[in-house]
Amino acid sequence: MHPGKKAAALAALELVDNDALLGVGTGSTVNVFIEMLAASNKQISGAVASSEATAERLTAHGIDVLDLNMTGQLALYIDGADESNPKLQLIKGGGGALTREKIIAAASRQFVCIVDHSKQVQVLGAFPLPIEVIPMARSYVAREIVKLGADPEFREAPRTDNGNIILDCYGFNITDPVNLEAQLNALAGVVTVGLFASRPADVLIVGQDDGKTELIENTSR
Ligand code: 5RP
């Protein structure tokens, strides 16, 4: 396991209160967080999971998985990311869970993103931007993405937890993330864009190889 991911996960655990209702994301960094949470003496009251995989993992550790429709606003959401820029705007969805991740981020008071230092970039877009698309709209959306200057690639993977497909879009140089997110969201057939720009992270915890962490707060929200 990347020592930076471990360090970031451990720092996030310190932010979790006993009895908290947590949003829990998806991916290898979050998996470390779940292991640490389960091994700790913290007793959370339950978690809302951003994927079936995370729900299974939480359940296996005896943590109650709750339906977001029953919880109201969550105090804290912890998740990883594929890239973060200095404004804490993110590319997410490498693990295919972007839609539920965006819903939980929207429904949470505080979104704490945990990453290793390799995820920090000045300009988003070197990591291919994942877009979840209704299957019948695949070709149409792909053509529209080409018009916007990027190169969409169909992800050869099982359908998402929502029964859709993912287009990984190469070559976007994302200098205006809020605008691009809105433009892509407006395409018919797009379910979710893996750009978290209009709702960025509130806190980014960056883990370094030596086990140290940096906690960056978003001052623009
Ligand atoms: C899943 C995600 C993950 O947060 C992202 O892919 C980072 O994963 P990892 O922690 O394995 O590097 O967005 O959809």
Side-chain angles (χ1 to χ4, degrees), residues 1-13 22-37 47-58 68 74 76-85 88-108 110-121 124-133 153 155-170 172 174 177 181 184 190-209 213 216:
M1 170 51 57
H2 193 296
K5 293 186 182 202
K6 227 168 138 177
L10 187 58
L13 186 61
L22 272 190
V24 182
T26 298
S28 57
T29 317
V30 165
N31 287 347
V32 179
F33 169 78
I34 295 171
E35 301 299 323
M36 288 176 172
L37 175 64
V48 174
S50 78
S51 63
E52 300 299 331
T54 289
E56 270 174 38
R57 196 172 277 263
L58 289 165
L68 183 63
L74 301 172
L76 179 61
Y77 173 42
I78 292 174
D79 198 0
D82 300 301
E83 281 186 350
S84 172
N85 72 11
L88 311 195
Q89 296 165 319
L90 312 169
I91 287 185
K92 291 184 46 55
L98 59 164
T99 296
R100 297 186 188 192
E101 288 170 347
K102 214 172 236 195
I103 295 167
I104 299 177
S108 299
Q110 192 181 41
F111 173 14
V112 173
C113 183
I114 51 176
V115 296
D116 67 80
H117 61 90
S118 70
K119 309 289 184 73
Q120 284 184 295
V121 298
L124 298 169
F127 189 92
L129 176 65
I131 302 182
E132 182 165 353
V133 175
E153 191 171 283
R155 191 182 291 186
E156 298 284 353
R159 295 273 170 102
T160 68
D161 286 345
N162 315 304
N164 298 312
I165 61 106
I166 289 185
L167 295 174
D168 289 306
C169 301
Y170 292 79
F172 274 130
I174 308 175
E181 183 181 18
L184 292 167
V190 166
V191 177
T192 303
V193 183
L195 248 184
F196 286 52
S198 61
R199 201 283 182 245
D202 299 302
V203 173
L204 185 74
I205 299 178
V206 185
Q208 306 294 339
D209 292 342
T213 54
I216 304 167

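Counting starts at 1 for both ligands and their atoms, following the listed order.
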**Message:** Would you say Tyr77 and Asp79 are linked by a side-chain donor-acceptor pair, where the criterion is simply a distance under 3.5 Å?
**Reply:** yes
**Item:** Shell of residues surrounding ligand 1, defined by a 4.0 angstrom heavy-atom cut-off that is strict
**Value:** Lys5, Thr26, Gly27, Ser28, Thr29, Asp79, Gly80, Ala81, Asp82, Lys92, Gly93, Gly94, Gly95, Gly96, Ala97, Glu101, Lys119
**Ionic contact status for Lys92 with Asp82, cut-off 4.0 Å** = no
**Donor-acceptor pair, side chain of Thr29 and main chain of Val115, under 3.5 angstrom** = no
**Asked** Does Glu52 offer a backbone N or O that forms a donor-acceptor pair with the side chain of Arg57 under 3.5 Å?
**Response** no
**Item:** Thr99 and Glu132: side chain donor to acceptor below 3.5 Å
**Value:** yes
**Asked** Going by heavy atoms in the side chains, are Asn164 and Val133 under 4.5 Å from each other?
**Response** no
